[in-house]
Colleague: 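Pasting a structure here, questions to come.
The first residue in the sequence is number 1, and the count goes up from there.
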Amino acid sequence: MEEQTGGAAPSGILDTVIAGQLPVGGHELSIFSLFLQADVVVKIVMIILILASIWTWAIIFEKSLRFRRMARLANKFEDAFWSGGSLEELYGRIGQYPADPMSSVFSSAMREWERSAGRVSSGSAVGLQQRIERVMQLTMNREIDKLERYLPFLASVGSAAPFVGLFGTVWGIMNSFSSIAATNQTSLAVVAPGIAEALFATALGLVAAIPATLAFNKLSSDLGRYAGRLESFSGEFGAIISRQLDDRG
C-alpha cells in the first residue's frame, strides 16, 4: 500500500482554499460566516454600515431619476414659454399644481400678477415688480430645499462610514489579541478569524462611503446647475414683467 507524500494536499482542501472558505480554528473565512462569527459589537457596526449603504443607493437612484425628470420637464416648459404664445394661456394649462420647480416659479409669479395687475398704477408698478420678484425667489428657495433633502445624509455617510468601519476594525483586532492572551498561542488559527472580521468591517465602511461621496458630489453639481437655470429663468421672466409694466405706465 502506497503512502501519500507529505507535500501533497488533498483536492478537497484545495477546492476549499480556492473558494476562500478554508476553516481556520473552527472558523470559515467566507463573507457570511465572518458576519455570523463576529463579536456582537462588530456585528452592530456591520449592520449599521449595510443599512447605510442600502439607504445611500436608494437616495442615489431616487435623486438621479428625479433630476433627469426635472430637466426633461424644464426643457418642455421653456419650449412652451418661449414659443410666443400667451402667458395667461400657459398659466391656465399649468394650473395650481405645476409639475416641476420651473413651472412652480412661473405659476407663483403669474398668480401675484393676476392679483395685482388689474389695479396697478404708475406709482405702484415698482412695488408690484418687487413683490413678483420676491415671490419667485421664495418659491425657488422652497423648491431647492425640497431637492436638497437627503443630500446631507450622503455627505454624512461619505465622511463617517470609514471611521465607523475603523471602529469595528479596532474592536476586532482587540478581540484577536484577547484570544492570543487567553490561549497563549500566536498561531494563524487563533489570530486569523478576528483579523478577518476586523478587515471586513473596514471593507463595509469603504463600500458605504465611496458611492455616497461620489454621488453627493455629482448630485450637488447637478443641483447647482439646475438652481442656476432657475435663477436665469427668474431674471428673464422678471424682465418681461418689467417691460409690460412700463408699457402700461
Colleague: Answer whether the closest heavy-atom distance between the side chains of W55 and I50 falls below 4.5 Å.
Modeller: no

Colleague: Look at the aromatic rings of F237 and F233 and report parallel, tilted or perpendicular, splitting at 30° and 60°.
Modeller: parallel

Colleague: Quick one: side chain to side chain donor-acceptor pair (under 3.5 Å) partners of S108, sequence neighbours excluded?
Modeller: T139

Colleague: Over all heavy atoms of both residues, which pair between G172 and V42 is shortest? Give the atoms and the distance, please.
Modeller: N-CG2, 4.2 Å

Colleague: Give a yes or no answer on whether the side chain of S232 reaches the backbone of G228 with a donor-acceptor pair at less than 3.5 Å.
Modeller: yes

Colleague: Applying the side-chain contact (heavy atoms from CB on, under 4.5 Å) criterion to I210, which one of V207, T213, L214 satisfies it?
Modeller: L214

Colleague: In the hydrophobic clustering (ILVMFWY, side-chain contacts below 4.5 Å, transitive), which residues join L138, or is it alone?
Modeller: none

Colleague: Please report the closest heavy-atom contact between P211 and L206, naming both atoms and the distance.
Modeller: CD-O, 4.1 Å

Colleague: If two hydrophobic side chains count as joined below 4.5 Å and joins carry through other members, does V164 share a cluster with V40?
Modeller: yes

Colleague: State which residues pass salt bridge (Lys or Arg N to Asp or Glu O under 4.0 Å) with R149; sequence neighbours excluded, sorted by chain then number.
Modeller: none

Colleague: Go through the structure and list residues passing side chain to side chain donor-acceptor pair (under 3.5 Å) with T56, not counting sequence neighbours.
Modeller: none

Colleague: Within a strict 4.5 Å, meaning less than it, do heavy atoms of the V170 and M174 side chains meet?
Modeller: yes

Colleague: Mind checking the CD1-CG spacing from I44 to L49? Nearest 0.5 Å is all I need.
Modeller: 12.0 Å

Colleague: In sequence, state the C-alpha distance, the side-chain angles, and the governing distance for I240 and F81, and then conclude on side-chain contact (heavy atoms from CB on, under 4.5 Å).
Modeller: CA-CA 12 Å; I240 293 174; F81 182 83; 3.8 Å; yes

Colleague: Y91: what forms a ring-ring contact (aromatic ring centres under 6.0 Å, His included) with it, not counting sequence neighbours?
Modeller: none

Colleague: Which heavy-atom pair separates S242 from Q129 by the least distance, and what is that distance?
Modeller: CB-NE2, 3.3 Å

Colleague: With no hydrogens and no angle check, is any side-chain donor or acceptor of S107 less than 3.5 Å from a backbone partner on S103?
Modeller: yes

Colleague: Under 3.5 Å, which donor-acceptor pairs link side chains of residues 64-77 to any protein atom two or more places apart or in another chain?
Modeller:
unit_1: S64; atom_1: OG; unit_2: I60; atom_2: O; d: 2.7
unit_1: N75; atom_1: OD1; unit_2: R229; atom_2: NH2; d: 2.4
unit_1: N75; atom_1: ND2; unit_2: A71; atom_2: O; d: 3.2

Colleague: If a pair satisfies salt bridge (charged side-chain N to carboxylate O under 4.0 Å, His left out) and one of its residues is in residues 198-224, list it, with sequence neighbours excluded.
Modeller: K218-D222, D222-R225

Colleague: If you take all heavy atoms of A201 and M46, which pair is closest and at what distance?
Modeller: N-CE, 4.2 Å

Colleague: What pairs with N217 under side chain to side chain donor-acceptor pair (under 3.5 Å), at least two apart in sequence or on another chain?
Modeller: none

Colleague: Donor-acceptor pairs are to be reported for all side-chain atoms of residues 150-160 against protein atoms at under 3.5 Å, with residues two or more places apart or in another chain.
Modeller:
unit_1: S156; atom_1: OG; unit_2: P152; atom_2: O; d: 3.0
unit_1: S159; atom_1: OG; unit_2: A155; atom_2: O; d: 3.1
unit_1: S159; atom_1: OG; unit_2: S156; atom_2: O; d: 3.2

Colleague: What residues form a side chain to side chain donor-acceptor pair (under 3.5 Å) with E231, not counting sequence neighbours?
Modeller: none

Colleague: Dump the intermediate steps for side-chain contact (heavy atoms from CB on, under 4.5 Å) on M140 and Q137, then the final yes or no.
Modeller: CA-CA 5 Å; M140 280 192 296; Q137 187 63 48; 3.4 Å; yes

Colleague: Could you tell me the separation between the CD atom of E133 and the CD atom of E112, rounded to the nearest 0.5 Å?
Modeller: 12.0 Å

Colleague: Throw together a table of side-chain donor-acceptor distances under 3.5 angstrom for residues 82-89, partners on residues two or more places apart or in other chains.
Modeller:
unit_1: S83; atom_1: OG; unit_2: A80; atom_2: O; d: 2.7
unit_1: S86; atom_1: OG; unit_2: E88; atom_2: N; d: 3.3
unit_1: S86; atom_1: OG; unit_2: E88; atom_2: OE1; d: 3.1
unit_1: S86; atom_1: OG; unit_2: E89; atom_2: N; d: 3.4

Colleague: Once salt bridge (charged side-chain N to carboxylate O under 4.0 Å, His left out) is applied, what residue pairs with a partner in residues 152-161 remain, sequence neighbours excluded?
Modeller: none

Colleague: Would you please test F167 and W171 for side-chain contact (heavy atoms from CB on, under 4.5 Å) and show each step?
Modeller: CA-CA 6 Å; F167 171 75; W171 193 273; 4.2 Å; yes

Colleague: Apply the test side-chain contact (heavy atoms from CB on, under 4.5 Å) to residues L147 and E143: give CA-CA distance (whole Å), side-chain angles for both, the deciding distance (0.1 Å), then the verdict.
Modeller: CA-CA 6 Å; L147 296 177; E143 295 295 331; 5.5 Å; no

Colleague: Should V135 and M102 be counted in the same cluster of Ile, Leu, Val, Met, Phe, Trp and Tyr side chains packed under 4.5 Å apart?
Modeller: no

